[in-house]
Amino acid sequence: MESFVHVVILSMLVTTAIAIVRVKDLFAVTMLAGIYGLLSASFFVLMDAHDVAFTEAAVGAGISTLLVLTTLSMTGRFEKASVKPQTDYRPVLALVLVTVTGALLIYGTQDMPGFGTADAPVQTHVVPRYLNDSATEIGIPNVVASILASYRGYDTFGEVVVIFTAGIGVLAMIMSNTTKMPVVQTALMSDHVVLRIVSKMLIPLIMMFALYVQFHGEYGPGGGFQAGVIFASAFILYAMLFGLTAARKVVNNTLVQLLSALGVLLYGSVGVVAMINGGNFLDYNFLSDDPVAGQMLGILLVELGVGITVASVMIIIFFTFTARSQKEGEGD
Amino acid sequence: MEFLGLFNYWVVIVLMMIGFYIVICSNNLIKKLIGLTIFQTSVFIMYISMGKITGGTAPVLADGITLYSNPLTHVLILTAIVVGIATTALGLAIVVRIHESYGTVEEDEIHAKDKQA
Amino acid sequence: MSIVATYLSWALLVLGGLLCISGSVGLLRFPDFYTRMHAASVTDTLATGMILAGLMLQAPTWIVLGKLFMILVFVLLTGPTAGHALAKAALHSGLKPLLPGKSGVLEADNKPSGGV
Amino acid sequence: MIEHLSVLQVIIPLIAAPICLLLRKSQLAWAFATLVAFLTLAVSFALLSQVVQTGPVSYELGGWEAPWGIEYRVDMLNAPLLVLISAISSLALMASRTSIENEIPENRHTFFYIAWLLCMAGLLGITATGDAFNVFVFLEISSLATYTLIALGKDRRALWASFQYLVAGTIGATFILIGIGLMYVMTGTLNMADLAQRLPEVENTKTVFTAFAFLIVGVCMKLALFPLHLWLPNAYAFAPSIVTTFLAATATKVAVYVMIRFIFDVFGFEFSFTHFPLQEVLLTLGIAGIFVASVVAIYQDNLKRMLAYSSVAQVGYIILGISFASQTGIMATLLHMLNHGLMKGALFLALAAVVYRMGVAQLSQMHGIASRMPFTMAAFLIGGLSLIGVPLTVGFISKWYLVSAALENGWWPVAAVILLGSLLSVVYIWRVIEVAYFKPVSESTPDVKEAPAALLIPMWILVLANLYFGIETSLTVGVSEMAAADLFGGLR
C-alpha cells in the first residue's frame with residue numbers, strides 16, 4: 001500500500017514538472033511550482049522526514065510562490081515566444097547536455113545500496129550514535145533537532161547567516177528610499193469585510209501556532225526555521241490586507257533590520273559564551289553546570305535566534321518587494 | 001517496498017534533469033529561477049530517499065520503536081532548503097532590477113540591448 | 001461501539017474521497033469560472049471535512065482528536081473565505097457569470113476566459 | 001585563546017557582519033569592517049605560524065568529535081590561503097571607502113560592507129573546514145554575498161552579469177551537493193578525513209566515479225575553468241572595481257583549493273589519476289584555457305574585462321600544475337595561487353584607481369595617462385611584468401616552477417605552451433603600456449589627477465609584495481613545498 005502511494009506521488013511529480021516545461025503562462029507555472037513543492041513535501045512525509053516536509057511546505061508552496069507572484073506583478077505574466085525560432089539551437093543542445101548528465105547519474109546509481117535497505121553505510125556508520133546516545137547526551141526526543149542544533153550546530157549557524165545574507169542582498173538591491181512612501185494605495189483588500197474579519201481572527205492564531213512550533217521543536221517536527229516562516233506569514237497577511245503603510249506602523253524597517261541582526265548575534269553569542277566558559281565554539285555543555293541542562297538551554301537559545309532572524313528576514317524580503325512594486329506602479 | 005529498488009532514484013534523476021533543462025533552455029529569467037528550484041528540490045528528494053529505511057519511522061525517539069530513518073539527511077536537507085529559498089529571493093531581486101533597467105526579463109532581448117550599447 | 005466507529009469512519013473517508021474526485025471532474029468540465037469555483041469549494045470544505053471527520057473517529061488519543069479538530073476549524077474558516085475573495089475579485093474585474101440566454105444556451109456578455 | 005584560532009578566523013567576520021548592520025552609519029561600518037579584517041589577518045598569521053611550528057590544527061566545533069560533529073582542519077595547504085584571503089580583503093577594504101564613492105549610491109554603502117564581510121567569512125569558512133557538507137554551506141554564504149556585491153555595480157550590465165553568475169553558481173553548487181550526496185550514500189560520513197579512510201573500500205564502484213565527476217564539474221564551474229568560464233568576464237568587468245580586486249585575487253583560488261583538497265586528500269591521488277581520466281581532461285582544458293582566454297584578452301578595450309580574461313588564462317596555468325600529478329607540479333600550483341592573488345590584486349587596484357578618476361577603464365581613453373597618474377600606472381606596469389613572469393617578480397617564481405615541473409615529466413611541448421602563453425600576456429600588457437606611456441596625451445584623455453592616497457597605499461603595498469616575494473622566496477616557496485610534500489606524503 002505504501003509503495004502504491006509512493007509511485008503515485010512520484011508520477012504526479014513528474015507530471016507537474018513536465019507541465020512546468022510546457023506551460024507559457026508564468027502565473028500557471030508559479031502555481032505548478034507551488035504544487036511541486038507541496039507534492040515533494042508529501043513525499044518527504046512518506047520518507048519519514050517530517051521536519052523537512054514541514055519546511056518544504058512552508059517554503060516551496062508558501063514563501064517562494066508568494067515571492068514569485070510579487071515579482072510577476074512587476075514584470076508581467078507571460079513568457080514571450082522566442083524571437084528567432086529557426087536559429088534557436090538551444091533546446092537541442094540543452095537536451096543533449098541533460099541526457100548526458102542524467103545518463104551519468106543513472107550509471108552512478110547502479111552500485112548504490114537499494115532503496116530502503118537497513119544495512120546501507122548511511123544507516124550503519126555515523127548515524128547510530130545520534131540515535132542511541134542523543135537521549136543521554138542532549139536529552140531531547142527529536143533527533144533531527146539535536147543534530148541540527150547541537151551535533152551539527154555550526155551548519156545551522158551557517159544557514160542562519162545564509163538567510164541573513166539573502167536579506168542584506170535584497171535590501172542592497174531593491175530597497176526603496178524610505179523618505180517618500182506612496183500615500184495613496186490602490187487595490188487594498190481592506191474593503192473586503194469577510195476577508196478582514198476572518199483574517200483578524202486568524203492572525204493571532206497563526207502567531208500562537210508559530211510559537212508552538214518554535215518551542216515544541218524539541219519534541220516533534222518544528223523548530224526555529226518553520227516557526228520563523230509561519231510568524232512572518234502572519235505579518236505578510238496583515239500587510240496584504242491593510243497595506244504596507246499600516247503594516248510598517250506595526251513593524252518598521254529599522255526594527256526588522258535590527259531583529260534580523262540580533263537573531264544571528266544571539267546564535268553567535270551562545271557560541272562565544274561557551275568559548276569564554278572554556279569549551280569550544282557552540283559547545284553547549286559549558287553553558288551550565290549540568291551538561292544536559294546546558295544542551296537544552298543552548299538549543300532553546302539558538303532555535304530562538306534562528307526563529308528571530310528567519311521571521312524578520314522573510315518580513316524584510318516581502319516588504320521590500322511589495323514597496324518596490326508599489327513604487328513602480330506609481331511611475332506608470 | 002522492496003521491488004522499488006533503484007526505480008525511486010531513477011524517477012528522481014528524471015525530475016532533476018527536467019529542472020536542469022528548464023534552467024538551460026528557458027528564455028525567461030523567472031522561469032529559469034523556477035527551474036533552478038525544481039532542480040534543487042529534486043536533489044533534496046534524492047537525499048531524503050537515501051536515508052529511508054523500509055519499515056522505519058520518523059526519528060523522534062519514543063518507547064517501543066527501534067527502527068528510525070536516517071535523521072542526518074533530514075538535517076542536511078533542512079539547511080539546503082533554506083539555502084535554496086535564499087538564492088531564489090536574491091535571484092528575484094536581481095530580476096526586478098533587470099526589469100527596471102532593461103525593460104524586459106527575456107534573455108535574448110537583454111542580449112540584444114547589450115549589443116546595441 | 002468501536003466497530004460502528006470504524007465502519008462510520010471508513011464510510012466518511014470513502015465518501016470524502018469520492019467527493020474529491022467529483023470536485024476535480026467538475027473543475028475540469030464546468031463551463032465557467034463561477035461554476036468551477038463551486039466545484040473547487042466542494043472539495044475544499046465538504047470533502048476535506050468528511051475526511052477529517054473520518055480520521056477523527058479513528059484518533060487514538062484526545063490530543064490527536066484535538067489537533068484534527070483544529071485543522072477542521074482552520075479549513076472551514078479559510079476555504080470559504082478564499083473562495084469568496086476569489087469570486088468577488090472576479091466579479092469586480094468584470095467577469096460575468098454564464099446565464100441561460102434566449103435560446104436556452106448558456107451565454108454571457110463577455111467572452112468567458114478559457115482557464116482560471 | 002591559541003587553541004581557538006582556526007574558528008576565530010571565520011567567526012570574527014561572520015559575527016561582525018550583523019554588528020555592522022547595527023552601526024547603520026556607513027563610515028562607522030567601514031571603519032569597523034576594516035578593523036575586523038585586519039584582526040582576522042592577525043589571527044590568520046598567528047594560525048600560519050602555529051601550523052608551521054606544531055603541524056595541522058584540528059578543532060571540534062560544538063565539542064563533538066570528528067565524524068559526528070563538524071571539524072575545522074588547518075594544515076600547510078590551507079593556512080597560507082587563509083592569510084592571502086584576509087590580507088587582500090584588509091587591503092581592499094582600506095581602499096574601498098574611496099573607491100566606491102563614485103560607484104555605489106550612498107545609502108547602499110553599509111550593505112556593501114556587510115556583504116563584503118559575509119563574502120570574506122564564507123571564503124575563509126570554505127578554506128578552513130574539514131567537513132564536506134560544511135563546504136557547501138559556506139560556499140553559498142560567499143556566493144550569495146558575491147552576487148550582491150557584483151550587482152551593486154554602476155552599469156546595468158552588472159545586474160545581468162550577476163544573474164548569470166547566480167544561475168551558473170547555483171548549478172555548480174547543486175552539482176557539488178549531488179557529489180557529496182553520492183559520496184555520503186557509499187560511505188555514510190561527511191567528514192573529509194573519515195571519507196578518505198572509507199572511500200578506498202568502495203572506490204571501484206560506479207557511484208564513487210559519478211560522485212567524483214559531479215564534484216569536479218561543480219567546482220570547475222566555480223573556478224571558471226575553460227569552457228565553464230563564461231560567467232566570469234562580465235562579472236569581473238561590471239562589478240564595482242574594488243569588488244573585482246577582492247574576487248579576482250581570492251574567490252577562484254578558494255575553488256582551486258577545494259578541488260585540490262578533494263582530488264588529493266579525500267579521493268586520493270591514486271583514485272583521481274588512475275580510475276579517472278583526470279590528467280588528460282585537466283591538461284587539455286588548462287592548455288585550451290590559456291590560449292583562448294589570452295587571445296581574447298588581447299582584443300579587449302575595457303581593461304577590467306581584459307584582466308578578467310587574463311584571470312581565466314591564469315586559472316589554466318594553475319590547473320596545468322595539478323595535471324602534472326607530481327610534487328613539483330602541485331607546488332607550482334600552490335605557489336601560483338598565492339602569487340597570482342598578489343599580482344591580480346595589484347593590477348585590479350590600479351584599475352580601481354583609474355576608474356575612480358576617469359569613471360571607466362577604457363583603453364581608448366587612456367592615451368598618455370601615465371603622465372597624469374604616474375604612481376598608478378607604475379603600479380600597473382610592475383603588476384603587468386609580474387603577470388608576464390619577468391625575473392625579480394613573483395610571476396617569475398611560479399612560472400619557473402611550472403616549467404620545471406613540465407620538464408620533470410618530460411613534457412617539452414607543455415613547457416613551450418607555458419612560455420607561449422607568457423608571450424601572449426606580453427602582448428596584452430604591452431598594449432596598455434604603449435598607450436599609457438608612449439602615446440601623447442590627446443583631447444580624448446580626461447584631465448585627471450593622481451589617485452588619492454587611500455588607493456595608492458594599499459596598491460603599493462601589494463606591488464612591493466610582488467617584488468619582495470619575487471626576491472625573497474623562502475617563505476612562499478617553503479610553505480608550498482611543505483604543503484605539496486604533505487599532499488604526497490598522505491599518498492595511500
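These numbers come from the heavy atoms of this one structure, side chains and all, not from hydrogens, waters or symmetry mates. Just so we're on the same page: letters track the sequence lines, and every chain starts at 1. Quantities reported herein were computed from a predicted structural model and do not represent experimental measurements.
The distance from the CG atom of A:Leu13 to the CG atom of B:Leu15 is 5.5 Å, given to the nearest 0.5 Å. With rounding to the nearest 0.5 angstrom, the CG atom of A:Asp48 is 11.5 Å from the OH atom of B:Tyr68. A:Tyr151 OH to B:Leu72 CG: the interatomic distance, rounded to the nearest 0.5 Å, is 11.5 Å.
Ranked by non-hydrogen atom pairs under 4.5 Å with chain A, the options B:Asn70, B:Ile18, B:Leu76, B:Thr88 are led by B:Asn70. Chosen from B:Val12, B:Ile38, B:Ile34, B:Val105, the residue pairing most often with chain A at heavy-atom distances under 4.5 Å is B:Ile38. Per-residue counts of heavy-atom pairs under 4.5 Å with chain B were compared for A:Ile63, A:Asp155, A:Val45, A:Val127; the largest is that of A:Val127. Of all the listed residues (A:Gly220, A:Ala166, A:Ala120, A:Pro141), the one sharing the greatest number of non-hydrogen pairs under 4.5 Å with chain B is A:Pro141. For the options A:Thr30, A:Ile317, A:Leu131, heavy-atom pairs under 4.5 Å to chain B are most numerous at A:Leu131. Each of A:Val29, A:Asp51, A:Ile20, A:Thr16 has some count of heavy-atom pairs under 4.5 Å with chain B, and the biggest count is that of A:Ile20. Chain A forms more heavy-atom pairs under 4.5 Å with one residue of B:Ala62, B:Ser42, B:Gly19 than with any other, namely B:Ser42. Counting heavy-atom pairs closer than 4.5 Å to chain B, the top-ranked of the candidates A:Ala135, A:Gly102, A:Gly60, A:Ser134 is A:Gly102.
Taking the salt bridge (Lys or Arg N to Asp or Glu O under 4.0 Å) definition, one finds that B:Glu107 meets it with A:Arg90, B:Lys32, sequence neighbours left out. The ring pair (Phe, Tyr, Trp, His ring centres under 6.0 Å) search around A:Tyr107 returns none, not counting sequence neighbours.
Residue B:Thr87: no heavy atom, backbone or side chain, is found under 4.5 Å from chain A. Of the two parts of B:Thr57, only the backbone, made up of N, CA, C and O, holds a non-hydrogen atom closer than 4.5 Å to a non-hydrogen atom of chain A. Neither the backbone nor the side chain of A:Val96 comes within contact range of chain B, judged by heavy atoms closer than 4.5 Å. The parts of A:Leu105 that come within reach of chain B are both its backbone and its side chain, each placing non-hydrogen atoms under 4.5 angstrom from that chain. Only the side chain of B:Ile30 comes within contact range of chain A, judged by heavy atoms closer than 4.5 Å. Heavy atoms closer than 4.5 Å to chain B are found in the side chain of A:Gln226, but not in its backbone. Using a 4.5 Å cut-off between heavy atoms, A:Tyr219 touches chain B through its backbone atoms (N, CA, C, O) alone. Using a 4.5 Å cut-off between heavy atoms, B:Ile22 contacts chain A through its side chain alone, with no backbone atom that close. Of the two parts of A:Thr320, neither the backbone nor the side chain holds a non-hydrogen atom closer than 4.5 Å to a non-hydrogen atom of chain B. Interface remark: A:Leu46 contributes backbone atoms only to the contact with chain B (heavy atom separation under 4.5 Å).
Ring centroids of B:His74 and B:Tyr47 are separated by 6.0 Å or more, keeping the two rings apart.
Nearest heavy atoms, B:Ala89 versus A:Val170: O-CG2, 4.0 Å. The two residues A:Gly34 and A:Ala61 make their nearest non-hydrogen contact at O-CB, 3.7 Å. Considering all non-hydrogen atoms of both residues, A:Leu38 and A:Ala57 come closest at CD1-CB, 4.5 Å.
B:Ser49 and B:Asn8 share a donor-acceptor pair across their side chains, judged by distance under 3.5 Å alone. At a cut-off of 3.5 Å, with distance as the only test, no side-chain donor of A:Asn142 or A:Glu218 sits close to an acceptor on the other residue.
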